[in-house]
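Let me begin by presenting the structure, written as structure tokens, before commenting on it.
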Amino acid sequence: IAVIFFMQRVTNSTEQNYTLIKETAEAAMYDAIDYDSYYSEGYLRINREAFVESFVRRFAQNASLANTYVIDIYDVNEYPPKVSLKVKTKEGTFIGDQEIEFDIVNQIDAIFETSE
């Protein structure tokens with residue numbers, strides 16, 4: 001029963017992390033829109049520094065305080081707006097005197113699309 005409970009907790013953590021990453025990346029991309037270039041040149045682009053700042057702030061506000069997260073933002077294209085990132089955390093438990101630990105890695109590639 002303990003193993004089943006632990007696996008359910010890992011699955012729930014993975015789903016919650018993925019949803020949090022997806023929603024946070026989308027909101028951070030909206031926050032990072034460079035309106036000056038949109039109005040002057042007519043194409044949509046994002047500001048890299050604004051995206052990273054907004055993503056980390058929003059993720060920290062909503063993430064579980066019980067876990068330690070490692071955020072790897074390894075690709076941010078300003079034009080066309082695209083981000084690729086990975087968030088890692090660990091989930092573990094003890095069964096008897098043995099510790100079982102899983103690395104939970106969620107990766108997302110997001111492209112900002114609008115109807116023009």
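The analysis underlying the following values was restricted to heavy atoms, covering all of them including side chains, and did not include hydrogens, waters or symmetry mates. Predicted, not measured: the structure shown is a model, and the values here were computed from it.
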* **Interatomic spacing from CG in Asn106 to OH in Tyr18 - rounded to 0.5 Å** => 8.5 Å
* Structure fact -> Minimal heavy-atom distance between Phe51 and Ala25, with the atoms involved, is CE1-O, 3.7 Å
* List the steps, then state whether side chain to side chain contact (heavy atoms under 4.5 Å, CB included) holds for Arg58 with Asp31. => CA-CA 11 Å; Arg58 286 176 177 272; Asp31 289 345; 2.9 Å; yes
* **Inter-residue atom distance Lys86.NZ - Asp75.CG, 0.5 Å rounding** => 12.5 Å
* Structure fact -> When every non-hydrogen atom of Phe55 is compared with those of Ile21, the smallest separation belongs to CE1-O, 4.0 Å
* If Ile, Leu, Val, Met, Phe, Trp and Tyr residues are connected whenever their side-chain heavy atoms lie under 4.5 Å apart, and connections chain through other members, are Leu20 and Val70 in the same group? -> no
* Distance-only, no hydrogens or angles: does the Ser54 side chain make a donor-acceptor pair with backbone N or O of Ala50 under 3.5 Å? -> no
* Roughly how far, to the nearest 0.5 Å, is CG of Asn47 from CD of Glu53? -> 9.5 Å
* Taking all non-hydrogen atoms of both residues into account, name the closest pair between Tyr79 and Arg45 and its distance. => CB-CB, 4.1 Å
* Going by atom types only, do Lys82 and Ser84 share a side-chain donor-acceptor pair under 3.5 Å? -> yes
* **Gap between atom NZ of Lys90 and atom CG of Asp103 - 0.5 Å precision** => 3.5 Å
* Asked: For the side chain of Thr89 and the backbone of Tyr69, is there at least one donor-acceptor N/O pair under 3.5 Å apart?
  -> no
* When rounded to the nearest 0.5 angstrom, what distance separates CG in Asn62 from CD in Gln16? -> 12.0 Å
* Please answer: with hydrophobic residues joined when any side-chain heavy atoms are less than 4.5 Å apart, are Tyr30 and Ile108 in the same cluster? => yes
* Asked: So, for Ile46 and Val83, which heavy atoms are closest and what is the spacing to 0.1 Å?
  -> CD1-CG1, 4.2 Å
* Asked: In terms of hydrophobic clustering (I, L, V, M, F, W, Y; side-chain heavy atoms under 4.5 Å; direct or indirect links), are Tyr74 and Val87 co-clustered?
  -> no
* Any chance CD of Glu41 has more than 12 other-residue heavy atoms, nucleotides or ligands included, within less than 6.0 Å? -> yes
* Asked: Any link between Ile111 and Val76 through a network of hydrophobic side chains (Ile, Leu, Val, Met, Phe, Trp, Tyr) touching at under 4.5 Å?
  -> no
* Would you check, one step at a time, whether the test side chain to side chain contact (heavy atoms under 4.5 Å, CB included) holds for Leu85 with Asp72? => CA-CA 6 Å; Leu85 55 102; Asp72 293 328; over 6 Å; no
* Straight-line distance of Arg57 CZ to Thr24 OG1, nearest 0.5 Å -> 10.0 Å
